[in-house]
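Just so it is clear, the model here is predicted, and its values are computed rather than measured.
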Amino acid sequence: MPVIRFYANMRTLANQPSIKLDSASFPTLRAVLVELSRLFPEMDSHLFDEQGNLRQELPVFVNGRNPRLQSAGMDSMPGDEDIISMFSPIASGRINVEVLRDQ
């Protein structure tokens, strides 16, 4: 069973550091993320945009690698020993820089 580890705000939304999912029930990484959205409804808007597409700013890694860079992408099949790491969405630091500049 793959392990999904949550970091930063994603851990707060899941209210736990990690969970295990049956890879037979969720054959693709995309299916795993849809299941996370179902298990943790507060996480949905952090995972998917209004059209139901995975947010581009969402860092997701499988065994430390970005699945989006592989040929199967988010349709890759998680293995029983895989570790899926979920981080908070990354946003530009522009607002923070502007706030600091004005002080």
S18 side-chain N/O to V3 backbone N/O, donor-acceptor pair under 3.5 Å = no
Could you tell me which non-hydrogen atom of L47 sits nearest to which non-hydrogen atom of L33, and how far apart they are?
-> CD1-O, 3.6 Å
Partners passing salt bridge (charged side-chain N to carboxylate O under 4.0 Å, His left out) against D44 (at least two apart in sequence or in another chain) | none
Side chain to side chain contact (heavy atoms under 4.5 Å, CB included) against D49, all qualifying residues, sequence neighbours excluded = Q51, N53, R55
If you round to the nearest 0.5 Å, how far is CG of L58 from CE of M10?
-> 5.0 Å
State, to 0.1 Å, how close P27 and A24 come at their nearest heavy-atom pair, and which atoms those are.
-> CD-O, 4.4 Å
Intermediate values then yes/no, side-chain contact (heavy atoms from CB on, under 4.5 Å), N9 and H46 | CA-CA 10 Å; N9 290 345; H46 296 273; 5.8 Å; no
Only counting residues at least two apart or in another chain, list the ones meeting ring-ring contact (aromatic ring centres under 6.0 Å, His included) with Y7.
-> F87
Answer yes or no: are there more than 12 heavy-atom neighbours, outside R68 itself, under 6.0 Å from its atom CZ?
-> yes
Kindly state each residue pair satisfying ring-ring contact (aromatic ring centres under 6.0 Å, His included) with at least one member in residues 11-41, sequence neighbours excluded.
-> F6-F40
For residues 16-39, pull every pair meeting salt bridge (Lys or Arg N to Asp or Glu O under 4.0 Å), keeping only residues two or more places apart or in separate chains.
-> R30-D75, E35-R38
Say whether L29 and M1 are linked into one hydrophobic cluster, either directly or through other cluster members, by side-chain heavy-atom distances under 4.5 angstrom.
-> no
When hydrophobic residues are tied together by side-chain contacts of less than 4.5 Å, even through go-betweens, does V32 share a cluster with F61?
-> no
On a heavy-atom basis, the closest approach of P67 and V60 is CD-O, 3.2 Å
For residues 76-84, dump all side-chain donor-acceptor pairs below 3.5 Å to protein atoms at least two apart in sequence or in another chain.
from : atom 1 : to  : atom 2 : distance (Å)
S76  : OG     : G73 : O      : 3.1
D80  : OD1    : S23 : OG     : 2.5
D82  : OD1    : N63 : ND2    : 2.7
D82  : OD2    : G79 : N      : 2.7

What's the spacing between M86 CE and R11 CZ if we round to 0.5 Å?
-> 13.0 Å
